Protein chains: 2
Amino acid sequence: MQLDERKYLILQAIIDDYILTAMPVGSRTISRKSGVGFSPATIRNEMSDLEELGYLDQPHTSAGRVPSNKAYRLYVDHLIKGSKLTSDERERMHDHLVARSKQVESVIRSAAGVLSDATKYTSVIVAPKLGTLRIRHVQLVPVAERTALMIIVTNAGIVKDAVIRVPEGLDADDLYSISRVLTQKLADKPLEGVRQAFSELLRGAEQNRKLLGEALQVIEKRLEAGGDASDVIVGGSTNLLEYPEYSDVNKARSFLSVLESKDTLRKLFSRDGSMEVSIRIGPENQLPALNDCSIVTASYRLGDRSTGTLGIIGPTRMNYNRVISVLDFMSRALSDVLSEYQ
Amino acid sequence: MQLDERKYLILQAIIDDYILTAMPVGSRTISRKSGVGFSPATIRNEMSDLEELGYLDQPHTSAGRVPSNKAYRLYVDHLIKGSKLTSDERERMHDHLVARSKQVESVIRSAAGVLSDATKYTSVIVAPKLGTLRIRHVQLVPVAERTALMIIVTNAGIVKDAVIRVPEGLDADDLYSISRVLTQKLADKPLEGVRQAFSELLRGAEQNRKLLGEALQVIEKRLEAGGDASDVIVGGSTNLLEYPEYSDVNKARSFLSVLESKDTLRKLFSRDGSMEVSIRIGPENQLPALNDCSIVTASYRLGDRSTGTLGIIGPTRMNYNRVISVLDFMSRALSDVLSEYQ
DNA sequence: CGTTAGCACTCGACGTGTATGAGTGCTAAC
DNA sequence: GTTAGCACTCATACACGTCGAGTGCTAACG
C-alpha cells in the first residue's frame, strides 16, 4: 500500500500533536484539528492502515496512537516544513556568542549554553579533531630540573599542554631558543603531519635528539587519545528531565550516564565532512540507553580544513523543526565567530 | 536532660542503621542489634526522650524514627569512630592518580573520578584561587594583525590564556622579546600581586604602555571573575540518583541543577585555610536545594601558599566514616602528586 | 464506493473500602 | 528500672467498581 495524500496529512497531524503533548493521540483529536475535514471514524480507518504499515504504535487497545521511529524518519525526511527563527531570536543568540569571544573555549562553552537554552534539550559540542589543527606556536617552559611544560598553540587559539622530560643541563634560555626553532620549523603544519616535520628536525639537531623525541611522542599520544574531556562540552544536561519520558529516575539516570562518558559522546557526535544537518532517530544511535532519543548534528568550521560538531540530543518526539533551524543558524554563527581567530 | 551513655549508644545505633537502609528505624530493629541488650519497650522510652530532645524525627505516628540534622551533627562531632581504609584500597586510589600525572588538569580530573568511585557519592574539586598561584612564564603569541594570545604558565603548570589587542607594528619577534622581558620581571610573583609589578614595568617601558595596560586588564578581569568553569571539576554526578532519596525526579533535578552552576559550587566548596576535614549538614549549606545533602570538604596543597578544595556531596545520611577517611587520604595523595610540579 | 453515525467493547486511571503489618504509647506486672 | 501485653495509628497493598477516552465493526447514507 502506498501512502496517499490524506495519510500523509493525518500522519503529520498525529506527529505534530504527539511532539507537543507526549500523549497518545486519538482520532477525535485529529478530526477536530483545522485542516483535517474528516470524521473520527474515517481517521480511525486511516490510522488502522498506518499502524499496519508500521508508522504508528498502539500502547494498548483503548489508547490513542503513537508515532513509530519509522514515522519520525518519514517526518524528518519528507514531511518537515522549515520554520524560521525570528530575527529577534537570531540576534539574541548571536549576541550571546560574541559576548564571550575572548577565548575560544569560552565561545564554545557559551555556544553550548545558547543551544540548550534555545531548544530546551541537551546540547553537545565537540571540538575539532586535534590532527586537523595547525600549529602556530610551540613553547617550552621549565618547571623543574629536567622537566618542562610544552605548550602548543594552534590556529584555533586552543592551547594544549603537556609535561615532558628534557635532557640535563638545559636552562631556561636554552629552552627559549629551542622553542623559537621549533615554532619556526613547525609553524603552519597540521598536528597530524608533525611526525614528518619532526624527523627532519631530528636529522638536523643532533644534540637535542632526546628532547625532540619525547616531544614528538607526547604529541602523538595526544593525537591517538583523540582529545581529552575538555574537547566535549555539554550544555543543559538537566533539561531533558523536564519531559515526561524521564519522570522515571532509572531512565533519567541511564541518560545522564551517557552524558558523563565523554568518549561515548565523541563517538556519537562524530560526523563525516558534510556541513548538512543530520538526524539519527532512536535505535539508529546504536546505543540501548538512547533508544528513545534522537540526535541532531551539524558542523562548524574552524580554519580551512578542520570542523567540529555541534548537536542536540532530545527525546525522539523532539521538535525537529525548531532544532534544525537553531542548529542551522548556530552552525554558521559559530563558524563566523571562530573565524576571527584565524 | 543530659544524654547518658545509653542514649548515646541507641542514637548511634539508629544513625548507623538509617545510613545503611534509609528506612525509619523501629525499636525492635535496635533491640535485635548485638551490643544493645534491651527490650524494644525500653528502647522506645529512650527514643521518645531523644525525640523530645530534638535528635529524632518521626515521619508519622506508626513509623520508626529518623535522625534529625542535630543528630548528625552530634554524630560527626562525637560519635564517629574513625574507620581505616585497607592498604589495598589506598594503593588502588594512589595508582589511579599517578597514572594521569602528565598534566595537572587531568590529575585533578582523575582525582574527582577516584573520589566519586570510592564513596559512591558526588565529588567536587575546586582548583586553587588564581590569585595565589605564582607566575612562571608569560608568552605572547601573534594570532592576527594587532591581536595576540597571552599565555600565562603558573607554578601549578596550569595554563591560562586570553586574547589581547596589541599596538600596530609589532611582529612576532617583537612579541617574543616582550614575552621574555615580561617573564623575567614577573616570574615568581603571585598573580594577585601582579598589578604592582606591572606599574613598575609601565614606568620603565614607555613605548609598550598600551600593550601592557591591556595585558594587566585581562589578568585582573580574570582574577575578579574568580576563575572559569574549568576550575571546578565534578565527578560522579549521577551517583546520587542511586539512592532512594532521589527517586523523585524533581529532587534529582534540583540537585543536578546545582551541579551545573559552577559559581554556586565554587562558593559552596570554599574553605578557610585549615587543612582539616570539615562537614556541613543539610541547611548548614544555606541552599534550599541542598537541604538534605551534606557536604564534606578537605584541602589540598599546591605550592607554598595556595590550596584548593576537594569534597564530597551526598545525602545527609551519608557514610561519614568512609567519606572522611577517603577525603583525608586523598587530600594528602593529591598534594603529594601535585607537589611534583613544583 | 467512500464517508459517517452508532454501538459494543477494551482498558487504564481513579476513588473507595478492607486487610495487613510495622511501630508506637501506655499500663501494669516483674 | 525493665519489660510484657495490649490497644491504637497509619502507610501500604490489594480488590473492586466506576468512569471515560478510544477503538473496531457494522450498517446506513449521499
Side-chain angles (χ1 to χ4, degrees), chain A residues 1-11 13-18 20-33 35-68 71 244-245 247-248, chain B residues 1-11 13-18 20-33 35-68 71 244-245 247-248:
Chain A
M1 198 187 316
Q2 223 2 6
L3 291 192
D4 57 21
E5 199 58 32
R6 198 168 69 184
K7 284 195 173 56
Y8 275 127
L9 185 68
I10 291 176
L11 185 56
I14 292 175
I15 297 179
D16 283 339
D17 192 83
Y18 187 71
L20 228 63
T21 67
M23 306 276 281
V25 5
S27 49
R28 263 181 63 88
T29 318
I30 297 305
S31 165
R32 269 198 302 265
K33 268 205 175 171
V36 188
F38 302 98
S39 81
T42 310
I43 311 267
R44 278 205 287 283
N45 290 330
E46 296 287 32
M47 281 170 125
S48 178
D49 289 350
L50 284 168
E51 184 174 354
E52 197 156 342
L53 290 166
Y55 290 105
L56 294 178
D57 292 331
Q58 203 171 15
H60 56 86
T61 336
S62 73
R65 304 300 214 289
V66 164
S68 69
E245 19 291 74
S247 54
D248 175 25
Chain B
M1 199 187 318
Q2 226 357 12
L3 291 192
D4 58 21
E5 198 61 32
R6 197 168 69 184
K7 284 194 174 54
Y8 276 127
L9 185 68
I10 291 176
L11 185 55
I14 293 175
I15 297 179
D16 282 339
D17 192 85
Y18 187 69
L20 228 63
T21 66
M23 305 276 283
V25 7
S27 49
R28 264 181 64 87
T29 319
I30 298 304
S31 166
R32 271 197 302 262
K33 269 203 175 173
V36 188
F38 302 99
S39 80
T42 310
I43 311 268
R44 278 206 287 283
N45 290 329
E46 296 288 31
M47 281 170 125
S48 179
D49 289 351
L50 284 168
E51 183 174 354
E52 197 156 342
L53 289 165
Y55 290 106
L56 293 178
D57 293 330
Q58 203 170 15
H60 56 87
T61 334
S62 72
R65 304 299 214 290
V66 164
S68 69
E245 26 279 83
S247 54
D248 174 26

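Only a predicted model underlies this, so the values are computations on that prediction, with no experimental measurement involved. In what follows, chains carry the letters A, B, and so on, assigned in the order in which the sequence lines appear, proteins first and then strands, with residues in each chain numbered from 1.
Considering CD of B/E52 and CE of B/M47, their distance stands at 15.0 Å, rounded to 0.5 Å. For the atom pair OH of B/Y8 and CG of B/L50, the computed distance is 10.5 Å after rounding to the nearest 0.5 Å. Of the inter-residue distances, the one linking A/R32 atom CZ with A/D17 atom CG reads 9.5 Å to the nearest 0.5 angstrom. Residue A/R6 holds its CZ atom at 7.5 Å from CD1 of A/I43, rounded to the nearest 0.5 Å. Atom CG of A/L9 sits about 7.5 Å away from atom CZ of A/F38, to the nearest 0.5 Å. Remark: A/D4 CG to A/D49 CG distance equals 8.5 Å, nearest 0.5 Å.
The existence of a salt bridge linking B/D57 and B/R65 is excluded, since no basic side-chain nitrogen approaches an acidic carboxylate oxygen closer than 4.0 Å.
Residue B/E52 contributes atom CD, which lies 16 Å from atom P of C/dT24 at whole-angstrom precision. Rounded to whole angstrom, the span from the CD atom of A/E46 across to the P atom of C/dG2 amounts to 11 Å. When the P atom of D/dC25 is taken as reference, atom CG of A/D49 falls 12 Å away, rounded to whole Å. Taking atom CD of A/Q58 as the reference point, atom C1' of D/dG22 lies 9 Å away to the nearest angstrom. Regarding B/D4, its CG atom lies at a distance of 12 Å from the P atom of D/dG1, rounded to whole Å. Atom CZ in B/R44 sits roughly 15 Å away from atom P in D/dA7 (whole-Å rounding). In this structure, the CG atom of B/L56 is 14 Å from the P atom of C/dG23, given to the nearest Å.
Of the side-chain N and O atoms in B/R6, one or more sit less than 4.0 angstrom from OP1 or OP2 of D/dT2.
Distance from the side chain of B/R65 is smallest to C/dG25 among D/dG24, C/dG25, C/dT3. Listed nucleotides: D/dT23, D/dT3, C/dT4. Nearest to the side chain of A/M47: D/dT23.
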Taking it one step at a time, do B/L56 and B/L11 satisfy side-chain contact (heavy atoms from CB on, under 4.5 Å)? CA-CA 8 Å; B/L56 293 178; B/L11 185 55; 3.9 Å; yes

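Along DNA chain D, the nucleotide nearest to B/S39 and the one nearest to A/N45 differ in position, and the one closer to the 5' end is contacted by B/S39.
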Atom pairs, protein N/O to nucleotides 10-14 of chain C N/O, distance under 3.5 Å:
| unit_1 | atom_1 | unit_2 | atom_2 | d |
| --- | --- | --- | --- | --- |
| C/dT10 | O3' | A/T61 | OG1 | 3.4 |
| C/dT10 | O2 | A/S62 | OG | 3.1 |
| C/dC11 | OP1 | A/T61 | OG1 | 3.1 |
| C/dC11 | O4' | A/S62 | OG | 3.2 |
| C/dC11 | O2 | A/S62 | OG | 3.1 |

Let me check I have this right: for DNA chain C, each base becomes ., (, ), [, ] or |, based on Watson-Crick or G-U pairs with both distances under 3.5 Å. What is the full string? ||||||||||||||||||||||||||||||

